[in-house]
Amino acid sequence: MSEHILHLTVNGEAQHVLVEGRKTLADMLRDDLRLTGTHLGCEHGVCGACTVLVDGAAVRSCLMFAVQAHGSQVTTIEGIADADGGLSAVQSAFRECHGLQCGFCTPGFIVSIESFLDAHPDPSDEDIREGISGNLCRCTGYQGIIKAVRLAAETRAATPQDMSAPDDAVSDARVGA
Amino acid sequence: MKPAPFDYLAPTSLADAVEALGSYGADAKVLAGGQSLVPVMAMRMSRFDHLIDLNRIPELDFVRHEAADVVIGAMTRESRVGSDPTIAENVPLLTDATQYIGHFQIRNRGTLGGSLAHADPAAEYPAVAMALDATMHLVGPDGSRSVSPEEFFLGPMTCCAEDEELLHSVSFPVWGPGSGFSVQEFARRAGDFATAGVAVGIRVADGVVDKAAIAFFGMASAPVRARELEIELVGQKAMDLDFQEVGNQAVAHLQPPDDIHASSSLRRQIGAQLASRALSTAVKEAT
Ligand SMILES: Cc1cc2nc3c(=O)[nH]c(=O)nc-3n(C[C@H](O)[C@H](O)[C@H](O)COP(=O)(O)OP(=O)(O)OC[C@H]3O[C@@H](n4cnc5c(N)ncnc54)[C@H](O)[C@@H]3O)c2cc1C
Ligand code: FES
Ligand code: FES
């Protein structure tokens, strides 16, 4: 059993954490950094509730070990709102369009959709359905979520985005036709 | 914490990774994208003493056009495989297949080598490797060796890599002008593993088929070619092909699995339909 000291940046803040090798990134964020907005539904890659950005790419934090994020920039749901605390376009659209009910799946959806819209600024309905296919919601029936993505895309198009994602972000949100 | 305890190792060179594998052998496991291995560990279906993470070895992440092949490093992410222009131009079957793999969040971590080594019978990349007669390059403490997909895929979740070996890269032959490709699959929900699927390549010269490859996935314990039919197709006029008939012939030799997702006979019908659709798409692209 190995223990490791990691240095990483989470939501813009430098963090230093001592973890066991087998601790997932999700558990480290929740238990060590108390960032409990990242939710754990299935813990084996199916539901998407645990989605975070690692170096700009949306990934399942239950399928990465914390130690693998050494040296990385991680963004969780806590880092999505504007610096002044105002909701992001995606977050506002979820509220506007009833994109959530119990809210359990919502952090994963929001983080995924932020990344999806960076790659697909003007998505078709089919793109949207494909884009949210990696996140499961047990409450909303998805129609509200699809509407929210459409509205968020419009809001983002109307307000110039500050493209703060790193240039070398490996995101393939482009691929999924 | 769900996985059993292990020692974590992150070598930064291929030589160090191979050395670690050489000393730990069966007590070690390599970690690529983790999109299959970590779930297996979370369910404690696999446990070992040493986890060797390949994610900090840049020399395993590359796409190179070399002579008649495109060679791709095992640690190349599925997201890169799906968007790389060299691959799109020379091995479009890989590009086409990538969109069917899970979701973009999965493809951001999952790797070409991990998908091949995991050898899920319903996975897309193994069928593409099979269809294109790719060559898998393995490396271990005793040196390297190259094998064909038939030698590589031994059965469900089983490839031929020894405990001390890792998959280094894969060479995909470039088919050149006059060729057309298509991947077709059926899954109940976007991103699910396929109930059945097929990867097809056709090359046409002067209106006549001069090369054909049909590889099914989800239809047997490993990806499987329709070799007899491929041989029959060569020499036929592309315009005269009856795709429905060819689709039926393509599945005639298969005994697809029976499970909760589909019965064997339903899989056969789906397979025939997909093959017919893939062949007509590929022929259209080739001519
Ligand atoms: C929700 C979900 C949906 C998915 N849907 C699909 C799908 O539709 N189609 C599909 O094909 N896949 C799908 N996958 C699996 C995904 O493609 C995986 O990424 C892939 O199967 C394994 O690749 P990996 O890089 O994540 O490997 P890992 O999970 O890290 O490793 C898998 C296995 O391969 C071994 N291994 C990895 N790299 C090497 C190497 N270089 N040499 C030797 N052994 C190696 C590991 O030791 C392990 O046993 C899905 C996964 C999830 C979680
Ligand atoms: S908790 Fe990570 S995908 Fe479900
Ligand atoms: S809002 Fe309840 S699970 Fe999605």
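No experiment lies behind these values; they were computed from the predicted model shown. So you know, we letter chains A, B, ... as the sequences are listed, proteins then strands, and number each from 1.
Residue A:R129 places its CZ atom among 12 or fewer non-hydrogen atoms of other residues, nucleotides or ligands, all under 6.0 Å distant. Sparse packing is recorded around CD of B:E89, with 12 or fewer heavy atoms of other residues, nucleotides or ligands lying under 6.0 Å away. For NE2 of B:H65, the number of neighbouring non-hydrogen atoms (other residues, nucleotides, ligands) closer than 6.0 Å is greater than 12. More than 12 heavy atoms of other shown residues, nucleotides or ligands fall within 6.0 angstrom of atom CD in A:Q15. Surrounding CZ of B:R44 are more than 12 heavy atoms belonging to other residues, nucleotides or ligands, all under 6.0 Å away. Atom CG of A:D122 is surrounded by 12 or fewer heavy atoms from other residues, nucleotides or ligands within 6.0 Å.
The parts of A:H70 that come within reach of chain B are both its backbone and its side chain, each placing non-hydrogen atoms under 4.5 angstrom from that chain. For B:L9, no part lies near chain A; criterion is any non-hydrogen pair under 4.5 Å. In this structure, chain B has a heavy atom under 4.5 Å from the side chain of A:N135, while its backbone stays farther away. Looking at A:E43, the atoms closer than 4.5 Å to chain B (heavy atoms on both sides) sit in the backbone and in the side chain alike. Contacts of A:T51 with chain B are made by side-chain atoms alone, with heavy-atom separations under 4.5 Å and no backbone atom involved. Only the side chain of B:L51 has a heavy atom closer than 4.5 Å to any heavy atom of chain A. For chain A, the nearby part of B:R56 is the side chain; its heavy atoms alone come within less than 4.5 Å. Both the backbone and the side chain of B:D7 come within contact range of chain A, each with at least one heavy atom under 4.5 Å from a heavy atom of that chain. Of the two parts of B:A190, the backbone and the side chain both hold a non-hydrogen atom closer than 4.5 Å to a non-hydrogen atom of chain A.
Contact of the B:R189 side chain with the A:S133 side chain is not registered, since no non-hydrogen atoms from C-beta on lie closer than 4.5 Å.
The structure places CD of B:Q105 at 10.5 Å from CZ of A:F116, a figure rounded to the nearest 0.5 Å. Distance CG/B:D53 to CD/A:Q68: 4.5 Å, rounded to 0.5 Å. Between the SG atom of A:C62 and the NZ atom of B:K2 there is a distance of 8.5 Å, given to the nearest 0.5 Å. Between the CD atom of A:E3 and the OH atom of B:Y8 there is a distance of 15.0 Å, given to the nearest 0.5 Å. One distance of note links CZ of A:R60 with NE2 of B:H103; it measures 5.5 Å at 0.5 Å rounding.
Each of A:V67, A:L63, A:T24, A:D27 has some count of heavy-atom pairs under 4.5 Å with chain B, and the biggest count is that of A:L63. Between chain A and the options B:V40, B:D192, B:V38, heavy-atom pairs under 4.5 Å are most frequent for B:V38. Ranked by heavy-atom pairs under 4.5 Å with chain A, the list B:L31, B:D49, B:L37, B:I101 is led by B:L31.
Put simply, the side chain of A:R22 never gets that close to the backbone of B:A4: no donor and acceptor are under 3.5 Å apart.
When all heavy atoms of B:F104 and A:A58 are compared, the closest pair comes out as CE1-CB, 3.8 Å.
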Query raised in the report: Taking it one step at a time, do B:M41 and A:F65 satisfy side-chain contact (heavy atoms from CB on, under 4.5 Å)?
Result: CA-CA 11 Å; B:M41 291 169 69; A:F65 293 110; 3.7 Å; yes
